[in-house]
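A quick write-up on the structure given underneath.
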Amino acid sequence: MAANDRSEFRPSKSLSLYYERSLRKIARNIGDIASAVGGNAQSDPIPLMDALTRYSNVLEPWAESIAERMVKDTERANTRQWKAHAATMGRELRHEIENTDTGIVMDQLIAEQVRLIKSLPLDAAQRVQRIARESLITGARYDELRDELLKTGDVSKSRATLIARTESSRASTILTQARATAIGSPGYIWRSHRDKRTRPTHKAMNGQFVAWNDPPTIDGYTFHAGCIFNCRCFSMPILPE
(Lines give C-alpha, C1' and ligand atoms only; values in the text may rest on other atoms or scores of the structure.)
Protein backbone atom coordinates (compact mmCIF):
# COMPACT_ATOMS: atom_id res chain seq x y z
CA MET A 1 0.00 0.00 0.00
CA ALA A 2 1.55 3.34 -1.02
CA ALA A 3 1.49 6.44 1.08
CA ASN A 4 -0.76 9.08 -0.40
CA ASP A 5 0.09 12.74 -0.88
CA ARG A 6 -2.49 13.99 1.61
CA SER A 7 -0.09 13.32 4.48
CA GLU A 8 3.24 14.42 3.10
CA PHE A 9 6.40 13.72 5.07
CA ARG A 10 7.91 17.11 4.30
CA PRO A 11 10.63 18.45 6.62
CA SER A 12 9.39 21.30 8.81
CA LYS A 13 10.51 24.66 7.41
CA SER A 14 10.08 26.37 10.78
CA LEU A 15 12.43 23.89 12.46
CA SER A 16 15.00 24.45 9.73
CA LEU A 17 14.79 28.23 10.18
CA TYR A 18 15.19 27.95 13.96
CA TYR A 19 18.26 25.75 13.57
CA GLU A 20 19.67 28.11 10.96
CA ARG A 21 19.28 31.14 13.24
CA SER A 22 20.97 29.26 16.07
CA LEU A 23 23.99 28.28 13.99
CA ARG A 24 24.34 31.77 12.55
CA LYS A 25 24.98 33.04 16.08
CA ILE A 26 28.14 30.95 16.06
CA ALA A 27 29.19 32.50 12.76
CA ARG A 28 28.76 36.00 14.22
CA ASN A 29 30.89 35.04 17.20
CA ILE A 30 33.55 33.66 14.87
CA GLY A 31 33.56 36.96 12.99
CA ASP A 32 33.93 38.88 16.26
CA ILE A 33 36.84 36.69 17.33
CA ALA A 34 38.56 37.20 13.96
CA SER A 35 38.14 40.97 14.26
CA ALA A 36 39.39 41.10 17.85
CA VAL A 37 42.34 38.69 17.67
CA GLY A 38 43.38 38.68 14.01
CA GLY A 39 45.47 41.86 13.93
CA ASN A 40 48.84 40.09 13.68
CA ALA A 41 47.66 36.98 11.87
CA GLN A 42 49.95 37.55 8.90
CA SER A 43 53.12 37.21 10.97
CA ASP A 44 51.61 34.96 13.64
CA PRO A 45 48.24 33.26 12.99
CA ILE A 46 48.56 31.01 16.08
CA PRO A 47 46.74 33.30 18.61
CA LEU A 48 43.67 33.56 16.35
CA MET A 49 43.72 29.85 15.58
CA ASP A 50 44.02 29.06 19.29
CA ALA A 51 41.12 31.40 20.11
CA LEU A 52 38.89 29.68 17.53
CA THR A 53 39.90 26.23 18.79
CA ARG A 54 39.08 27.23 22.37
CA TYR A 55 35.72 28.52 21.18
CA SER A 56 34.99 25.14 19.61
CA ASN A 57 35.67 23.41 22.93
CA VAL A 58 33.57 25.89 24.91
CA LEU A 59 30.70 25.36 22.44
CA GLU A 60 30.05 21.74 23.38
CA PRO A 61 27.33 22.16 26.08
CA TRP A 62 25.48 24.73 23.96
CA ALA A 63 25.91 22.58 20.84
CA GLU A 64 24.44 19.56 22.64
CA SER A 65 21.45 21.62 23.78
CA ILE A 66 20.72 23.05 20.32
CA ALA A 67 21.28 19.71 18.58
CA GLU A 68 19.02 17.89 21.03
CA ARG A 69 16.25 20.43 20.55
CA MET A 70 16.45 20.22 16.75
CA VAL A 71 16.38 16.41 16.73
CA LYS A 72 13.61 16.10 19.31
CA ASP A 73 11.46 18.73 17.57
CA THR A 74 12.00 16.90 14.27
CA GLU A 75 11.03 13.61 15.91
CA ARG A 76 7.81 15.14 17.27
CA ALA A 77 6.96 16.55 13.84
CA ASN A 78 7.67 13.16 12.28
CA THR A 79 5.41 11.49 14.84
CA ARG A 80 2.58 13.87 13.92
CA GLN A 81 3.06 13.08 10.24
CA TRP A 82 2.79 9.35 10.89
CA LYS A 83 -0.31 9.85 13.07
CA ALA A 84 -1.93 11.92 10.33
CA HIS A 85 -1.27 9.01 8.01
CA ALA A 86 -2.65 6.44 10.45
CA ALA A 87 -6.12 6.46 8.91
CA THR A 88 -4.74 4.42 5.99
CA MET A 89 -3.29 1.74 8.27
CA GLY A 90 -4.62 -1.23 10.14
CA ARG A 91 -4.65 -1.23 13.94
CA GLU A 92 -1.61 -3.50 14.30
CA LEU A 93 0.44 -1.41 11.90
CA ARG A 94 -0.46 1.79 13.72
CA HIS A 95 0.57 0.20 17.01
CA GLU A 96 3.94 -0.87 15.58
CA ILE A 97 4.68 2.63 14.28
CA GLU A 98 3.65 4.37 17.49
CA ASN A 99 5.94 2.08 19.48
CA THR A 100 8.99 2.17 17.20
CA ASP A 101 12.12 2.82 19.24
CA THR A 102 13.85 5.79 17.60
CA GLY A 103 16.17 6.42 20.55
CA ILE A 104 19.35 5.05 18.96
CA VAL A 105 18.73 6.96 15.73
CA MET A 106 18.11 10.18 17.66
CA ASP A 107 21.28 9.75 19.71
CA GLN A 108 23.29 9.27 16.52
CA LEU A 109 21.72 12.36 14.95
CA ILE A 110 22.47 14.49 18.02
CA ALA A 111 26.10 13.35 18.10
CA GLU A 112 26.50 14.19 14.41
CA GLN A 113 25.02 17.66 14.93
CA VAL A 114 27.35 18.40 17.85
CA ARG A 115 30.33 17.43 15.71
CA LEU A 116 29.17 19.68 12.85
CA ILE A 117 28.47 22.64 15.14
CA LYS A 118 31.90 22.38 16.76
CA SER A 119 33.49 22.13 13.32
CA LEU A 120 32.45 25.70 12.42
CA PRO A 121 35.20 27.47 14.43
CA LEU A 122 37.69 24.68 13.65
CA ASP A 123 37.14 25.17 9.91
CA ALA A 124 37.54 28.92 10.44
CA ALA A 125 40.89 28.27 12.18
CA GLN A 126 42.09 26.22 9.22
CA ARG A 127 41.02 29.01 6.89
CA VAL A 128 43.04 31.54 8.93
CA GLN A 129 46.11 29.32 8.70
CA ARG A 130 45.70 28.94 4.94
CA ILE A 131 45.23 32.70 4.40
CA ALA A 132 48.28 33.56 6.51
CA ARG A 133 50.44 30.99 4.71
CA GLU A 134 49.33 32.16 1.27
CA SER A 135 49.87 35.83 2.18
CA LEU A 136 53.49 35.10 3.10
CA ILE A 137 54.02 33.24 -0.17
CA THR A 138 52.39 35.91 -2.35
CA GLY A 139 53.57 38.92 -0.33
CA ALA A 140 50.02 40.22 0.13
CA ARG A 141 49.67 43.59 1.84
CA TYR A 142 48.35 43.83 5.39
CA ASP A 143 45.07 45.42 4.31
CA GLU A 144 44.46 42.55 1.86
CA LEU A 145 45.02 40.04 4.63
CA ARG A 146 42.78 41.99 6.98
CA ASP A 147 39.97 42.06 4.43
CA GLU A 148 40.21 38.27 4.00
CA LEU A 149 40.20 37.70 7.75
CA LEU A 150 37.15 39.93 8.18
CA LYS A 151 35.30 37.66 5.74
CA THR A 152 35.77 34.73 8.15
CA GLY A 153 32.42 35.37 9.81
CA ASP A 154 30.61 35.53 6.45
CA VAL A 155 32.22 32.29 5.29
CA SER A 156 31.17 30.63 8.55
CA LYS A 157 27.66 32.02 8.14
CA SER A 158 27.33 30.42 4.70
CA ARG A 159 28.46 27.08 6.05
CA ALA A 160 26.19 27.37 9.10
CA THR A 161 23.22 27.95 6.78
CA LEU A 162 24.17 24.95 4.65
CA ILE A 163 24.49 22.70 7.71
CA ALA A 164 21.17 23.81 9.19
CA ARG A 165 19.17 23.32 5.99
CA THR A 166 20.78 20.02 5.08
CA GLU A 167 20.74 18.43 8.53
CA SER A 168 17.16 19.33 9.45
CA SER A 169 15.98 17.73 6.20
CA ARG A 170 18.25 14.71 6.64
CA ALA A 171 17.03 14.16 10.21
CA SER A 172 13.44 14.10 8.98
CA THR A 173 14.22 11.48 6.33
CA ILE A 174 16.24 9.30 8.73
CA LEU A 175 13.42 9.28 11.30
CA THR A 176 10.89 8.45 8.58
CA GLN A 177 13.14 5.61 7.44
CA ALA A 178 13.53 4.26 10.99
CA ARG A 179 9.77 3.99 11.48
CA ALA A 180 9.08 2.76 7.96
CA THR A 181 11.65 -0.04 8.01
CA ALA A 182 10.47 -1.10 11.48
CA ILE A 183 7.11 -2.05 9.97
CA GLY A 184 8.57 -3.69 6.89
CA SER A 185 8.42 -0.84 4.38
CA PRO A 186 10.50 -1.77 1.30
CA GLY A 187 11.12 1.82 0.24
CA TYR A 188 9.52 5.12 -0.67
CA ILE A 189 8.37 7.36 -3.48
CA TRP A 190 10.76 10.26 -4.09
CA ARG A 191 9.01 13.62 -3.99
CA SER A 192 10.73 16.74 -5.31
CA HIS A 193 9.65 20.35 -5.69
CA ARG A 194 8.97 21.59 -9.19
CA ASP A 195 10.26 25.15 -8.89
CA LYS A 196 13.37 26.82 -10.33
CA ARG A 197 15.39 26.13 -7.18
CA THR A 198 15.18 22.36 -7.67
CA ARG A 199 18.08 20.72 -9.47
CA PRO A 200 17.02 19.05 -12.77
CA THR A 201 18.43 15.71 -11.62
CA HIS A 202 16.28 15.89 -8.49
CA LYS A 203 13.20 16.85 -10.50
CA ALA A 204 13.78 13.77 -12.62
CA MET A 205 13.56 11.62 -9.48
CA ASN A 206 10.03 12.81 -8.65
CA GLY A 207 7.66 9.84 -8.48
CA GLN A 208 10.43 7.24 -8.62
CA PHE A 209 10.46 4.28 -6.22
CA VAL A 210 13.62 4.03 -4.07
CA ALA A 211 14.44 1.05 -1.85
CA TRP A 212 15.57 2.01 1.65
CA ASN A 213 18.60 -0.26 1.29
CA ASP A 214 19.57 1.08 -2.14
CA PRO A 215 19.79 4.90 -2.26
CA PRO A 216 20.34 6.34 -5.75
CA THR A 217 23.54 7.98 -6.96
CA ILE A 218 22.81 11.45 -8.34
CA ASP A 219 25.42 13.94 -9.55
CA GLY A 220 28.13 11.72 -8.13
CA TYR A 221 26.60 11.46 -4.62
CA THR A 222 24.69 8.51 -3.14
CA PHE A 223 21.86 9.57 -0.84
CA HIS A 224 18.18 9.32 0.01
CA ALA A 225 15.72 12.15 -0.64
CA GLY A 226 16.53 15.18 1.49
CA CYS A 227 19.89 13.82 2.65
CA ILE A 228 22.32 15.90 0.58
CA PHE A 229 23.28 19.57 0.76
CA ASN A 230 20.43 22.00 -0.01
CA CYS A 231 18.09 19.17 -1.03
CA ARG A 232 14.41 19.92 -0.33
CA CYS A 233 13.15 16.57 -1.62
CA PHE A 234 11.40 14.18 0.75
CA SER A 235 10.23 10.58 0.96
CA MET A 236 6.72 9.15 0.90
CA PRO A 237 7.10 5.69 2.45
CA ILE A 238 5.53 2.64 0.87
CA LEU A 239 3.64 0.70 3.53
CA PRO A 240 3.38 -3.11 3.59
CA GLU A 241 0.03 -4.69 2.81
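Treat the numbers as computed from the prediction; the structure is a model and nothing was measured.
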Any donor-acceptor N or O pair under 3.5 Å, side chains Y19, Q113:
yes

Does the side chain of T161 come under 3.5 Å of the side chain of R24 through a donor N or O and an acceptor N or O?
yes

Does the ring centre of [Y] sit less than 6.0 Å away from the ring centre of [X]?
X: H224; Y: W212; answer: yes
X: Y221; Y: F229; answer: yes
X: F9; Y: W82; answer: yes

For a 4.5 angstrom cut-off between non-hydrogen side-chain atoms, does [X] reach [Y]?
X: W190; Y: P216; answer: yes
X: R191; Y: N206; answer: yes
X: Y55; Y: L122; answer: no
X: I33; Y: L52; answer: yes
X: T176; Y: P237; answer: yes
X: S119; Y: R159; answer: yes
X: K83; Y: T79; answer: yes
X: S192; Y: M205; answer: no

So does A171 get a backbone contact from the side chain of T74, meaning a donor-acceptor N/O pair under 3.5 Å?
no

Please check this pair: side chain of T173 against backbone of A225, looking for a donor-acceptor N/O pair closer than 3.5 Å.
yes

Examine [X] and [Y] and state if one hydrophobic cluster contains both, with Ile, Leu, Val, Met, Phe, Trp and Tyr joined whenever side-chain heavy atoms are less than 4.5 Å apart.
X: M49; Y: V58; answer: no
X: L59; Y: V37; answer: yes
X: F223; Y: L109; answer: no
X: I26; Y: V155; answer: no
X: I238; Y: M236; answer: yes

Which heavy atom in [X] sits nearest to a heavy atom in [Y], and how many Å separate them?
X: T222; Y: P215; answer: CG2-O, 3.5 Å
X: V128; Y: P45; answer: CG1-CB, 4.1 Å
X: L23; Y: L120; answer: O-CD1, 4.4 Å
X: V114; Y: A67; answer: CG2-CB, 4.1 Å

How many angstroms lie between [atom1] in [X] and [atom2] in [Y], if you round to the nearest 0.5 Å?
X: L15; Y: K72; atom1: CG; atom2: NZ; value: 14.5 Å
X: I163; Y: I117; atom1: CD1; atom2: CD1; value: 8.0 Å
X: I174; Y: T102; atom1: CD1; atom2: OG1; value: 12.0 Å
X: R197; Y: H193; atom1: CZ; atom2: NE2; value: 8.0 Å
X: T152; Y: K157; atom1: OG1; atom2: NZ; value: 14.5 Å
X: S235; Y: I189; atom1: OG; atom2: CD1; value: 10.5 Å

Test log, rule salt bridge (Lys or Arg N to Asp or Glu O under 4.0 Å), inputs R76 and D73
CA-CA 5 Å; R76 281 191 286 268; D73 285 351; 2.4 Å; yes

Let's go through C231 and H202 carefully: what are the C-alpha distance in whole Å and the side-chain angles of both, what is the deciding distance for side-chain contact (heavy atoms from CB on, under 4.5 Å) to 0.1 Å, and is it a yes or a no?
CA-CA 8 Å; C231 177; H202 290 217; 3.5 Å; yes

Could you walk me through whether I110 and E64 pass the side-chain contact (heavy atoms from CB on, under 4.5 Å) check?
CA-CA 7 Å; I110 291 170; E64 289 177 349; 5.6 Å; no

Take N230 and R165 through the test side-chain hydrogen bond (donor to acceptor under 3.5 Å, both in side chains) and record every step on the way to the result.
CA-CA 6 Å; N230 284 333; R165 293 177 180 177; 4.8 Å; no

Strictly below 4.0 Å, N to O, side chains only: are R170 and E167 in salt-bridge contact?
yes

Is K203 paired with D195 through a side-chain N to carboxylate O contact shorter than 4.0 Å?
no

Under the criterion side-chain contact (heavy atoms from CB on, under 4.5 Å), I'd like the reasoning laid out for R127 against D123: C-alpha separation, chi angles, the key distance, then a yes or no.
CA-CA 6 Å; R127 181 177 182 274; D123 285 353; over 6 Å; no

Under the side-chain contact (heavy atoms from CB on, under 4.5 Å) criterion, do S14 and Y18 qualify, and how do the steps go?
CA-CA 6 Å; S14 61; Y18 166 77; over 6 Å; no

Which is it for R179 and E75 under the salt bridge (Lys or Arg N to Asp or Glu O under 4.0 Å) test, yes or no, and what are the steps along the way?
CA-CA 11 Å; R179 286 193 165 100; E75 196 276 338; 2.5 Å; yes

